[in-house]
Amino acid sequence: MPAAIPEDSVGLVTPQCLQFDQPLPLSCGRSLDHWELMIETYGELNADASNAILICHALSGHHHAAGYHSMDERKPGWWDSAIGPGKAIDTNRFFVVSLNNLGGCHGSTGPNSNNPDTGKPYGPDFPIMTVQDWVHSQARLADRLGIQQWAAVVGGSLGGMQALQWSITYPDRLRHCVVIASAAKLSAQNIAFNEVARQAISKDPEFHDGHYYEHNIVPRTGLMLARMVGHITYLSDDGMRDKFGRELKDGKLSFDFNPQFEVESYLQYQGERFSSSFDANTYLLMTKALDYFDPAGEHGHNLTDALAPATCNFLVVSFTTDWRFSPERSRELVDALVAARKPVSYAEIDAPQGHDAFLIPIPRYMEVFSGYMNRIADALPQSEGGAPNAR
């Protein structure tokens, strides 16, 4: 935490836990009768609720997208580089809502929540979620907040899939859809990486078929390996070379099987840190939602037909070295939007950071992002903020 809060920060924020008692039917055929969403909001909702932005998170993300929870917090929210006064998503102009999706492990109802029918954590009995399920829950959230139509739904990676699904499922409830470093479906290679990660977790002796809560233990090794595999795919070859090269941790070979290269130490550090803060059942659930997402599947695998209901404007952004969600996948989406006669802007950003580039304030990326969001803000009614800040 800096000694003083930066002027372009949303500052200290307090999450809210919202309870919903209306049953939520799910794609898997089950439903959640009572559920909770953990959210954060930044900025103020204007009088006609026309300036609201929904932030959809990626696989390991959650509600804490910007600012700080306390003066002792080491880092700000995961997208603090893009959300705040004067930033791309300008909280002087927008009311921003960020949430932890259902199935998450940071306050929303998920596998580590107590099942009201048993009094024990759901664990592996928590229903499989889909992107469409999340969007339905987010629509309920919008209703609760008094937001009939989002100025924009914005997301990167898995968050971009949610934004895209919003445009199809609730076309009248958003004016703009911002899809960053994402795709209309996963490639076979991506599904394969997710399966390796799930196998690493499920084969951990401490996983106990997902009932590890009852054993007061965590499948830390499996979750660590899953994160290490995932993290490799988020970086590019160029980025890893520039950051680590073949540098040795201690300056010389040790002729044993302990980590010796800087990149090995980095991956172990990332895996260990993640394994102490994320839930293994949630990781399985989130990767399955990624695998299942395929809106064209219900339309004879014709993405243009799947996008027909959309009425909003689109911004699609990709990064040159992102091989997890490559520019080719973004161009496929753009081509389908053009074929469906939807208004779309596309930017391919030259960046060496790979998939993680969508989280980094790369100047050209921020220029494109800010320019688009400023046009949204400029089109808002000129009125004073009416609703109280819900932080």
Side-chain angles (χ1 to χ4, degrees), residues 2 6-10 42 53 55-61 64-67 74-94 96 98 152-164 176-183 190 230-245 263 266-267 270 313-334 344-377:
E7 292 185 2
D8 63 354
S9 171
V10 299
Y42 322 109
I53 304 290
I55 304 297
C56 301
H57 67 70
L59 187 154
S60 59
H64 187 35
R74 189 169 64 91
K75 290 183 177 181
W78 59 268
W79 219 10
D80 192 78
S81 61
I83 301 171
K87 294 179 181 177
I89 302 174
D90 189 345
T91 51
N92 288 330
R93 310 181 79 181
F94 293 117
V96 182
S98 178
V153 179
V154 183
S157 191
L158 177 56
M161 292 177 170
Q162 295 167 62
L164 185 62
H176 295 267
C177 176
V178 180
V179 180
I180 304 172
S182 192
N190 266 314
H231 207 75
I232 292 170
T233 71
Y234 303 149
L235 304 174
S236 70
D237 185 34
D238 290 344
M240 293 181 80
R241 183 183 63 244
D242 293 343
K243 189 170 186 176
F244 306 108
V263 67
Y266 172 78
L267 288 174
Q270 292 293 338
N313 293 270
F314 291 84
L315 171 65
V316 179
V317 179
S318 68
F319 300 90
T320 53
T321 59
D322 182 356
W323 58 278
R324 187 89 196 245
F325 290 87
S326 68
E328 287 79 8
R329 301 291 79 78
S330 288
R331 290 196 291 268
E332 287 174 0
L333 173 58
V334 171
V344 56
S345 300
Y346 174 60
E348 186 172 311
I349 307 298
D350 188 9
Q353 292 93 344
H355 186 57
D356 273 354
F358 85 92
L359 298 169
I360 300 171
I362 300 163
R364 180 58 179 160
Y365 167 37
M366 288 295 112
E367 288 172 5
V368 170
F369 197 3
S370 296
Y372 191 87
M373 297 304 298
N374 283 337
R375 289 197 294 275
I376 297 175

key: Ring centers of H355, F325 separated by less than 6.0 Å   = yes
ask   = Aromatic ring centroids of W79 and Y42 under 6.0 Å?
value = no
Can you tell me how far [atom2] of [Y] sits from [atom1] of [X], rounded to the nearest 0.5 angstrom?
X    : Y    : atom1 : atom2 : answer
Q162 : C177 : CD    : SG    : 11.0 Å
S370 : R375 : OG    : CZ    : 11.0 Å
S236 : R324 : OG    : CZ    : 14.5 Å
W78  : H64  : CH2   : NE2   : 11.5 Å
T91  : I83  : OG1   : CD1   : 9.0 Å
I53  : D90  : CD1   : CG    : 10.5 Å

Minimum-distance pair of heavy atoms, taken over all atoms of [X] and [Y]:
X    : Y    : answer
A183 : R329 : CB-CB, 3.8 Å
A163 : C56  : N-SG, 4.5 Å
T320 : P327 : CA-CG, 4.0 Å
A88  : M373 : O-CB, 3.1 Å
A65  : S98  : CB-OG, 3.5 Å

Close side-chain approach of [X] and [Y], heavy atoms under 4.5 Å:
X    : Y    : answer
V153 : V178 : no
V179 : M161 : no
F319 : I180 : yes
F314 : L164 : yes
L315 : N313 : no
T321 : Q353 : no
S318 : Y346 : yes
F369 : I349 : no

inquiry  = Below 30° counts as parallel, above 60° as perpendicular, anything between as tilted: where do the rings of H231 and Y266 land?
reply    = tilted
Salt bridge present between K75 and D80 (N-O < 4.0 angstrom) = no
Cut-off 3.5 Å, no hydrogens considered: what does the side-chain donor-acceptor table look like for residues 356-367, sequence neighbours left out?
residue	atom	partner	partner atom	Å
R364	NH1	E367	OE1	3.3
Y365	OH	F358	O	2.8

query = Should H57 and L158 be marked as a side chain to side chain contact (heavy atoms under 4.5 Å, CB included) after you check the CA-CA gap, both sets of side-chain angles, and the distance that decides it?
reply = CA-CA 7 Å; H57 67 70; L158 177 56; 5.7 Å; no
